[in-house]
There are 2 protein chains.
Amino acid sequence: MANDGSDTTPWLTPQERRAWLSIAALIVKLPNALDAQLQSDSGIGFFDYMVLAVLSEEPRRTLQLSDIAAATSASLSRLSHTVTRLERQGLVRRERIPGPGRRTNAVLTDEGYAKVVAAAPAHVRRVRDLVIDALTPTQLRTLGTVGARVIERIDPGRSCSDD
Amino acid sequence: MANDGSDTTPWLTPQERRAWLSIAALIVKLPNALDAQLQSDSGIGFFDYMVLAVLSEEPRRTLQLSDIAAATSASLSRLSHTVTRLERQGLVRRERIPGPGRRTNAVLTDEGYAKVVAAAPAHVRRVRDLVIDALTPTQLRTLGTVGARVIERIDPGRSCSDD
DNA sequence: CGTCCTAACTTGAAGCATCAAGTTAGGCCC
DNA sequence: GGGCCTAACTTGATGCTTCAAGTTAGGACG
């Protein structure tokens with residue numbers, strides 16, 4: 001129970017530790033901050049917003065559930081529950097795909113589209129305030145690169161696309 | 001409803017957008033990955049682990065609830081519920097502070113201490129694999145700096161200390 | 001053409017987080 | 001020393017996430 005996979009466990013150096021503390025705080029606080037902004041300004045959570053946003057960028061405002069799940073880094077189960085809720089709010093609608101297998105699309109309704117359009121400006125502004133405009137272009141670039149690198153480590157072989 | 005706080009909402013440039021997509025994926029996936037590792041190796045969530053870890057670094061393995069909440073970026077309510085659960089598992093114990101006000105300490109039990117000690121190596125290894133060792137020292141340094149900067153924007157005036 | 005198989009989704013229960021209301025223990029002020 | 005105030009928690013309800021188990025629609029194999 002005290003040896004989970006290695007005899008030698010190199011602890012963090014003071015520099016590494018300091019960096020890690022900042023990163024840990026970041027990945028806790030940034031999602032909270034974005035959730036809070038969207039919740040209070042538009043009555044919607046960050047994840048729900050991402051789902052609507054992803055759909056709004058599709059030509060037919062339509063995407064298969066498993067593709068949405070991949071785009072938002074969520075489990076299919078989570079997504080299914082979420083789509084059920086969004087459906088109840090009239091923002092989205094389900095649609096069976098006729099072909100082979102048991103595939104289902106989610107389609108953004110007009111009301112759903114209006115919701116994202118209404119929510120986006122304040123959301124983007126907050127993202128700018130907290131992240132984009134807080135950093136130099138070089139820092140932002142590094143952050144993007146570094147994020148992609150870590151993501152690649154988490155699940156090797158994936159692209160990314162959400163908002 | 002279409003104008004949440006500004007007439008001119010500068011959208012993201014393609015570079016900014018690409019960076020933001022990486023960052024968004026990062027703040028969703030990294031917590032999930034850490035949670036999954038801790039859950040499967042030690043049967044404990046990331047947040048619970050942080051609470052125990054913070055306590056384990058105190059001289060008397062004791063800290064006031066509101067200080068733990070601050071150190072882990074959580075609400076007092078969330079922390080109180082969590083401490084109740086940890087208490088039920090025998091990992092922590094509550095202790096009223098006699099002085100003024102209605103202050104309460106959480107104290108790490110021996111069992112709780114054993115738990116963190118057992119969980120830490122695999123957790124640290126995962127943090128190394130995913131983040132620390134995936135980046136150059138310069139990138140890590142930048143990431144730390146940048147994290148601190150964003151945190152400062154989120155709630156101005158705070159230090160950080162957790163694991 | 002029937003059985004097995006897989007991929008994609010659904011569902012229900014259990015756990016965890018959040019929000020809004022309480023509660024509690026002293027200070028403060030007259 | 002009685003009423004009021006604040007800070008620090010606690011609690012219960014509600015909602016979201018996860019987990020494990022189920023369901024469904026074809027395809028492949030024999």
Side-chain angles (χ1 to χ4, degrees), chain A residues 27-40 42-52 62-89 91-107, chain B residues 27-40 42-52 62-89 91-107:
Chain A
I27 65 177
V28 170
K29 286 188 172 177
L30 187 50
N32 280 355
L34 296 175
D35 244 326
Q37 178 275 310
L38 279 166
Q39 199 62 251
S40 90
S42 310
I44 203 179
F46 182 45
F47 180 65
D48 289 24
Y49 174 81
M50 283 205 300
V51 171
L52 299 182
T62 295
L63 210 54
Q64 197 182 327
L65 293 201
S66 41
D67 294 337
I68 303 176
T72 57
S73 316
S75 70
L76 202 41
S77 169
R78 178 181 185 182
L79 190 76
S80 184
H81 282 297
T82 297
V83 167
T84 301
R85 280 191 301 270
L86 293 176
E87 219 173 4
R88 237 186 273 125
Q89 298 175 252
L91 305 176
V92 139
R93 148 174 73 76
R94 267 182 237 252
E95 202 179 69
R96 269 283 160 73
I97 305 177
R102 197 204 181 188
R103 291 149 351 123
T104 309
N105 276 336
V107 186
Chain B
I27 64 177
V28 170
K29 286 187 172 178
L30 187 49
N32 280 355
L34 296 175
D35 245 326
Q37 178 276 311
L38 279 166
Q39 200 62 252
S40 89
S42 311
I44 202 180
F46 182 46
F47 180 66
D48 289 24
Y49 174 81
M50 283 205 302
V51 171
L52 299 182
T62 294
L63 209 55
Q64 198 182 325
L65 294 200
S66 40
D67 293 337
I68 303 177
T72 57
S73 315
S75 70
L76 203 40
S77 169
R78 178 181 184 183
L79 190 75
S80 184
H81 282 297
T82 297
V83 167
T84 301
R85 279 191 301 269
L86 294 175
E87 220 173 3
R88 239 187 270 124
Q89 298 176 252
L91 304 176
V92 139
R93 151 175 70 78
R94 267 180 236 253
E95 202 180 69
R96 269 285 160 71
I97 305 177
R102 198 206 179 185
R103 294 154 341 128
T104 308
N105 277 335
V107 185

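Given the structure is predicted, the values throughout are model-derived calculations rather than measurements. Chain letters run A, B, ... following the sequence lines, proteins first, then strands; residues in each count from 1.
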Legend entry - Residue-level proximity of residues 74-83 of chain B to DNA chain D when a heavy atom falls under 4.0 Å: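 Under 4.0 Å from DNA chain D: B:L76, B:S77, B:S80, B:H81.
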
- Item | A:Q64 CD to A:R103 CZ distance, which is reported to the nearest 0.5 Å |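 Answer rounded to 0.5 Å: 5.0 Å.
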
- prompt: Quick one: CE on A:M50 to CG on A:L34, what's the gap to the nearest 0.5 Å?
  reply: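 Interatomic distance, A:M50 CE to A:L34 CG, rounded to 0.5 Å: 9.5 Å.
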
Side chains of B:F47 and B:L79: does their closest heavy-atom pair fall under 4.5 Å?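 B:F47 reaches B:L79 side chain to side chain.
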
Does a side-chain heavy-atom distance below 4.5 Å link A:L52 with A:I44?
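When only atoms from C-beta onward are counted, A:I44 and A:L52 do touch, with a gap below 4.5 Å.
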
Here's a test of your reading of the structure: between A:N32 and A:I97, which maps to the more 5' nucleotide of DNA chain C?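 That would be A:I97.
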
Distance, rounded to the nearest Å, where [X] contributes [atom1] and [N] contributes [atom2]:
| X | N | atom1 | atom2 | value |
| --- | --- | --- | --- | --- |
| B:D48 | C:dG15 | CG | P | 13 Å |
| B:D35 | C:dA17 | CG | P | 9 Å |
| B:N105 | D:dA8 | CG | P | 13 Å |
| B:L86 | C:dC16 | CG | C1' | 12 Å |
| B:L65 | C:dT23 | CG | C1' | 15 Å |
| B:F46 | C:dA17 | CZ | P | 12 Å |
| B:M50 | C:dC16 | CE | C1' | 14 Å |
| B:K29 | D:dT17 | NZ | P | 17 Å |

Using only side-chain N and O atoms of [X], determine if any of them is under 4.0 Å from OP1 or OP2 of [N].
| X | N | value |
| --- | --- | --- |
| B:Q64 | D:dC9 | yes |
| A:R94 | C:dC9 | no |
| B:R96 | C:dA25 | yes |
| A:R85 | D:dG15 | no |

Does one side chain, of B:T84 or B:R94, offer a donor that lies under 3.5 Å from an acceptor on the other?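 Present: a donor and an acceptor within the cut-off.
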
### Query
Which heavy atom of B:D35 sits nearest a heavy atom of B:F46, and at what distance?
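What the structure gives for the nearest pair is OD1-N, 2.8 Å.
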
Q.
Looking at every heavy atom in both B:S73 and A:K29, which two are closest together, and how far apart are they?
A.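 Smallest interatomic distance, heavy atoms only, reads OG-CE, 3.1 Å.
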
Of all the choices, C:dT23, D:dT23, C:dA17, which nucleotide is nearest to the side chain of B:R102 once you look at every atom?
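The answer is C:dT23, which lies nearest to the side chain.
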
